[in-house]
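Shown next, in structure tokens, is the structure this report addresses.
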There are 2 protein chains.
Amino acid sequence: MGRGVEWAVHSCVNMAWTPPGEPVNSARLAEFYKLPAAYLNKQFQSLVRAGVLDSVSGPRGGFLLARRPENITVLDIVLALEGADPAFRCEAILGNVPEPALQENFARTCLISQTMRQAELAWRQALARQSIAGIADSMERRFPADKVKVLDYLAAE
Amino acid sequence: MGRGVEWAVHSCVNMAWTPPGEPVNSARLAEFYKLPAAYLNKQFQSLVRAGVLDSVSGPRGGFLLARRPENITVLDIVLALEGADPAFRCEAILGNVPEPALQENFARTCLISQTMRQAELAWRQALARQSIAGIADSMERRFPADKVKVLDYLAAE
DNA sequence: GACTAGTTACTCGGATAGATATTGTCCGAGTAAGACCGG
DNA sequence: CCGGTCTTACTCGGACAATATCTATCCGAGTAACTAGTC
């Protein structure tokens, strides 16, 4: 899994903390986390294309959540950055076997493919259960001062 | 996920079908599935290092399951080929933030890392539930003739 | 003081290199089978 | 005919390229804010 996922989730949590409608400067975020600014920017572009973020150009521009944080899941972010295709692609190598009879049987009910799909489904469901709002709320409840500090840092200067 | 996983699982199922103690020729398997022989061989080497397969050198050599197929799960194969490290590596970028107070708080209970770990755990559990024996049995029960054909092809010539 | 036009600086966006992991290939070390020879 | 030795061919094993993907960087297009000038 790409490392940009971690950055993106943290960034989205911060965006959930900022006042709605107010964009967050991506360079400032990168500085905050000591990340390569241009690359973080590139990751955000993928999120914009996926409809997770909106972008604002020009001075005092930046990125902001495209919808309410309750409706953005960790899965949305992962799929936006890693691609929506399943990690396990069944190439149906059993369709290549010399016996035509086997081709039909195997292709229809490839148990391996089924197993992989079930596992990946469980993985996606676990990620889909966690929303950005949920993470942001939990963090805020545990460490109330932190949200203020983050916002101060992003707003300062 | 590497494509070798699919090959390896299919191959292990076939090995579960062959008489115990009898190695399967890897080149013959590759020919059966129309796969690059040398690369399949390379994948098997990883499985040998992981203790999933045993290898037999020399004429009439090949690979065979290192333990009973009931005790080999799909997860074993995936971890052997993809590495046992979790796909999501928490780089603890929150440990880089300028505020020392935040470092401590976040590092201890990084909810994002927790979410990712839970998801991956669910994924692994799903894969660990399926054993090679289970897949082989299901296939055989559904299409009894197939096992015979596969064994014939591998044994022929 | 308020409005408008022009300038400026800032931010996203995609196009462009570099690093890393994956995929694929090749040849040598070791081995077991089979051939050959002698008893 | 049987046993032992030697040769031989076969298979794994790891070292070596090619390719794709991920990571990182740079500069241009577009935009909103700011400035200056005018009414």
Side-chain angles (χ1 to χ4, degrees), chain A residues 1-8 11 15 18 21-31 33-66 78 80-83 85 87-89 91 93 154 157, chain B residues 1-8 11 15 18 21-31 33-66 78 80-89 91 93 154 157:
Chain A
M1 165 146 20
R3 62 199 310 198
V5 171
E6 184 181 9
W7 310 350
S11 299
M15 290 176 193
T18 59
E22 183 172 313
V24 172
N25 187 302
S26 101
R28 186 82 180 154
L29 256 180
E31 181 190 346
Y33 288 125
K34 305 260 200 308
L35 300 177
Y39 189 36
L40 181 66
N41 196 339
K42 188 170 166 53
Q43 307 280 9
F44 285 163
Q45 290 174 28
S46 298
L47 292 172
V48 171
R49 274 192 292 271
V52 175
L53 296 184
D54 279 340
S55 63
V56 177
S57 291
R60 296 195 54 80
F63 296 89
L64 53 94
L65 299 181
V78 171
L81 296 179
E82 301 286 306
D85 296 333
F88 179 85
R89 55 216 151 161
E91 309 233 341
I93 63 173
L154 293 179
E157 150 76 15
Chain B
M1 164 145 24
R3 61 199 309 197
V5 172
E6 184 181 9
W7 310 349
S11 299
M15 291 176 192
T18 60
E22 183 172 314
V24 172
N25 187 301
S26 102
R28 187 81 180 155
L29 257 180
E31 181 190 346
Y33 288 126
K34 304 260 202 308
L35 301 177
Y39 191 35
L40 181 66
N41 196 338
K42 188 172 165 53
Q43 308 279 11
F44 285 163
Q45 290 173 28
S46 299
L47 292 172
V48 170
R49 275 191 292 269
V52 175
L53 296 184
D54 281 339
S55 63
V56 177
S57 290
R60 298 196 53 82
F63 296 89
L64 52 94
L65 300 181
V78 172
L81 295 180
E82 302 286 306
D85 297 333
F88 178 85
R89 56 216 151 164
E91 310 233 341
I93 62 173
L154 293 179
E157 156 74 78

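All of these numbers come straight from a predicted model, not from anything done at the bench. Just so it is clear: chains get the letters A, B, ... in the order the sequence lines come, proteins before strands, and each one is counted from 1.
Minimum heavy-atom separation, B/Met1 to A/Arg89: O-NH2, 3.3 Å.
Across residues 44-55 of chain A, A/Gln45, A/Arg49, A/Ser55 each have a non-hydrogen atom less than 4.0 Å from an atom of DNA chain C (numbered order).
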Practice item. Sugar-phosphate means primed atoms, P, OP1 and OP2; the rest is base. With that split, encode nucleotides 16-24 of chain D 5' to 3' as B, S or - using protein heavy atoms under 4.0 Å. Key: -------BB
Is there any protein nitrogen or oxygen under 3.5 Å from a nitrogen or oxygen in nucleotides 9-11 of chain C, and what are the pairs?
from: C/dT11; atom 1: OP1; to: A/Asn25; atom 2: ND2; distance (Å): 2.6
from: C/dT11; atom 1: O4'; to: A/Gly58; atom 2: O; distance (Å): 3.1

Anything under 3.5 Å between a donor and an acceptor, one on a side chain of residues 80-88 of chain B, the other on a protein residue two or more places apart or in another chain? List them.
from: B/Glu82; atom 1: OE1; to: B/Gly2; atom 2: N; distance (Å): 3.4
from: B/Glu82; atom 1: OE2; to: B/Gly2; atom 2: N; distance (Å): 2.9

Going by atom type alone, with no hydrogens or angles, which donor-acceptor pairs under 3.5 Å involve a side-chain atom of residues 55-64 of chain A and a protein atom two or more places apart or on another chain?
none

Only distances under 3.5 Å count here; give the side-chain donor-acceptor pairs of residues 37-53 of chain B to other protein atoms, sequence neighbours excluded, each with its distance to 0.1 Å.
from: B/Tyr39; atom 1: OH; to: B/Gln43; atom 2: NE2; distance (Å): 3.1

Practice item. Let me see the working for A/Leu154 and A/Leu29 under side chain to side chain contact (heavy atoms under 4.5 Å, CB included), right down to the final yes or no. Key: CA-CA 7 Å; A/Leu154 293 179; A/Leu29 256 180; 4.2 Å; yes
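Checked for salt-bridge contact, B/Glu31 and B/Arg28 meet the test: a charged N lies under 4.0 Å from a carboxylate O.
For the pair A/Leu29 CG and C/dC12 P, the computed distance is 10 Å after rounding to whole Å.
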